[in-house]
Amino acid sequence: MRLQPVFLLSATDASHFPFESKTHGAPEIAFLGRSNVGKSSLINALLGSKEARVSSTPGRTRAINFFALHEVAGGKPRVVPAMIFADLPGYGYAKISKSISAEWPKFIEPYLAERETLALCVCLVDTNIPPQPSDGQLITYLKQTQRPFVVVGTKADRLSNNVLAKNLAALKREHGVEEILPVSSKTEAGVKVLWQRLMTAAE
Ligand SMILES: Nc1nc2c(ncn2[C@@H]2O[C@H](COP(=O)(O)OP(=O)(O)OP(=O)(O)O)[C@@H](O)[C@H]2O)c(=O)[nH]1
Ligand SMILES: [Mg+2]
């Protein structure tokens, strides 16, 4: 299936979230994680394009950026998108925050709590660093809200297989999750496996 990404809008307030007239109620996938963890890069790798601008300075994504993915059938993109991607601002860069919301724009929690079409949260954790309390807070929050989520371990290309396996085990143990999918936006390792998860969640 070929998908054509179309940038919808940048939301800096809950009132900006795209209405059903724009999304046609299509299932939404949210990308969440600390600043610099690789959210925008992963979206680029998934889309095979540069739709989600990759920041050179951490903390640059200050809004929720929404993209509609339209299936192309017979050379024409369908009107109703197959799914929506939401690239969220990062939290907790280089410091331990007392709560996620203290460092996170106020519109994120309403987004997670109330967005009806949200089908899956993709939680990104960096495989190159020890488990971070801010990631633990997000995962605990998602468990409490009973939102479906999948945890993805980013920048796996930077580690040997041995170290990667060891770090993934530590992350799983610390965050109390059964599975972390290792990915690399650089080599595209794990990207296909993640796509399958997104398609299943969007069905
Ligand atoms: N080696 C390697 N570097 C990566 C990978 N993914 C991202 N990076 C680098 O990490 C930095 C941050 O990537 P972004 O995708 O902008 O991170 P982000 O999570 O969107 O950051 P914010 O928008 O600030 O929250 C960039 O310098 C990327 O090139 C990866 O899979 N492998
Ligand atoms: Mg970003």
Side-chain angles (χ1 to χ4, degrees), residues 3 5 27-55 58-59 61 64-67 69 83-93 100 104 108 111-112 115 118-143 145-161 163-203:
L3 290 168
E28 199 157 288
I29 314 281
F31 294 81
L32 298 151
R34 297 167 70 248
S35 190
N36 212 39
V37 72
K39 297 175 293 298
S40 301
S41 301
L42 182 60
I43 292 175
N44 287 343
L46 285 162
L47 297 179
S49 74
K50 296 284 170 239
E51 279 302 317
R53 190 154 13 109
V54 179
S55 49
T61 313
I64 305 183
N65 292 308
F66 291 90
F67 303 87
L69 308 188
M83 62 178 94
I84 308 290
F85 274 9
D87 184 10
L88 274 84
Y91 53 83
Y93 181 72
I100 329 173
W104 231 9
I108 307 298
Y111 173 82
L112 291 175
R115 186 80 176 152
L118 184 55
L120 184 70
C121 292
V122 180
C123 278
L124 288 78
V125 298
D126 192 335
T127 57
N128 293 242
I129 58 173
Q132 299 293 304
S134 53
D135 292 331
Q137 286 161 9
L138 173 65
I139 291 165
T140 302
Y141 178 78
L142 291 172
K143 284 177 185 165
T145 59
Q146 301 192 318
R147 283 293 196 187
F149 67 91
V150 58
V151 183
V152 160
T154 64
K155 309 188 188 183
D157 58 275
R158 289 188 180 165
L159 301 171
S160 69
N161 286 342
V163 176
L164 178 62
K166 193 177 115 265
N167 290 5
L168 287 171
L171 287 163
K172 283 192 264 187
R173 195 168 54 238
E174 183 66 29
H175 294 317
V177 294
E178 279 176 17
E179 181 192 47
I180 297 180
L181 298 178
V183 297
S184 165
S185 302
K186 208 170 180 180
T187 65
E188 298 193 351
V191 170
K192 267 199 184 141
V193 176
L194 179 59
W195 250 126
Q196 282 309 319
R197 293 305 178 87
L198 306 191
M199 301 297 275
T200 306
E203 261 167 20

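- A 4.5 Å side-chain heavy-atom check between I129 and R34 finds at least one atom pair inside the cut-off.
- From I29, atom CD1 reaches atom CE of M199 across 9.5 Å, with rounding to the nearest 0.5 Å.
- In terms of heavy-atom proximity, G176 sits nearest to K143 at O-NZ, 3.1 Å.
- Across every non-hydrogen atom of L112 and R147, the tightest pair is O-NE, 2.8 Å.
- In terms of the side chain to side chain donor-acceptor pair (under 3.5 Å) criterion, T145 has no residue partners (sequence neighbours excluded).
- Here the CG-NZ distance, from N44 to K39, works out to 12.5 Å after rounding to the nearest 0.5 Å.
- With values rounded to the nearest 0.5 angstrom, L118 atom CG is found 4.5 Å from Y111 atom OH.
- Across all their heavy atoms, G38 and S185 have their closest contact at O-OG, 4.5 Å.
- Applying the side-chain hydrogen bond (donor to acceptor under 3.5 Å, both in side chains) test to every pair with at least one member in residues 190-203, sequence neighbours left out, gives these pairs: E179-R197.
- Partners of K186 under the side chain to side chain contact (heavy atoms under 4.5 Å, CB included) rule, at least two apart in sequence or in another chain, are D157, S184.
- Partner F31 forms a side-chain contact (heavy atoms from CB on, under 4.5 Å) with one of V37, L88, L46 and no other, that one being L46.
- Not counting sequence neighbours, the partners of V183 by the side chain to side chain contact (heavy atoms under 4.5 Å, CB included) test are L42, V152, T154.
- Partner of F149 under the side-chain contact (heavy atoms from CB on, under 4.5 Å) criterion, chosen from L138, I139, V122: I139.
- Distance CD/E174 to CG/D135: 10.5 Å, rounded to 0.5 Å.
- A distance of 6.5 Å separates CG of L142 from CG of L32, quoted to the nearest 0.5 Å.
- Distance CG/D87 to CZ/F67: 6.0 Å, rounded to 0.5 Å.
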(request) Evaluate the criterion side-chain contact (heavy atoms from CB on, under 4.5 Å) for residue pair Q132 and V125; output intermediate values, then yes/no. (result) CA-CA 8 Å; Q132 299 293 304; V125 298; over 6 Å; no
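- Contact record, A119 with P148: O-CG, 3.2 Å, taken as the closest heavy-atom pair.
- Not a single side chain to side chain contact (heavy atoms under 4.5 Å, CB included) links A169 to another residue, sequence neighbours left out.
- In this structure, P89 and I64 approach most closely via the heavy-atom pair CD-CG1, 4.0 Å.
- Residues T127 and N167 have side chains that never bring a donor and an acceptor to within less than 3.5 angstrom of each other.
- Applying the side chain to side chain contact (heavy atoms under 4.5 Å, CB included) criterion to P5, with sequence neighbours excluded, gives L47, S49, E51, L69.
- Shortest non-hydrogen contact noted between K155 and D126 is CD-OD2, 4.1 Å.
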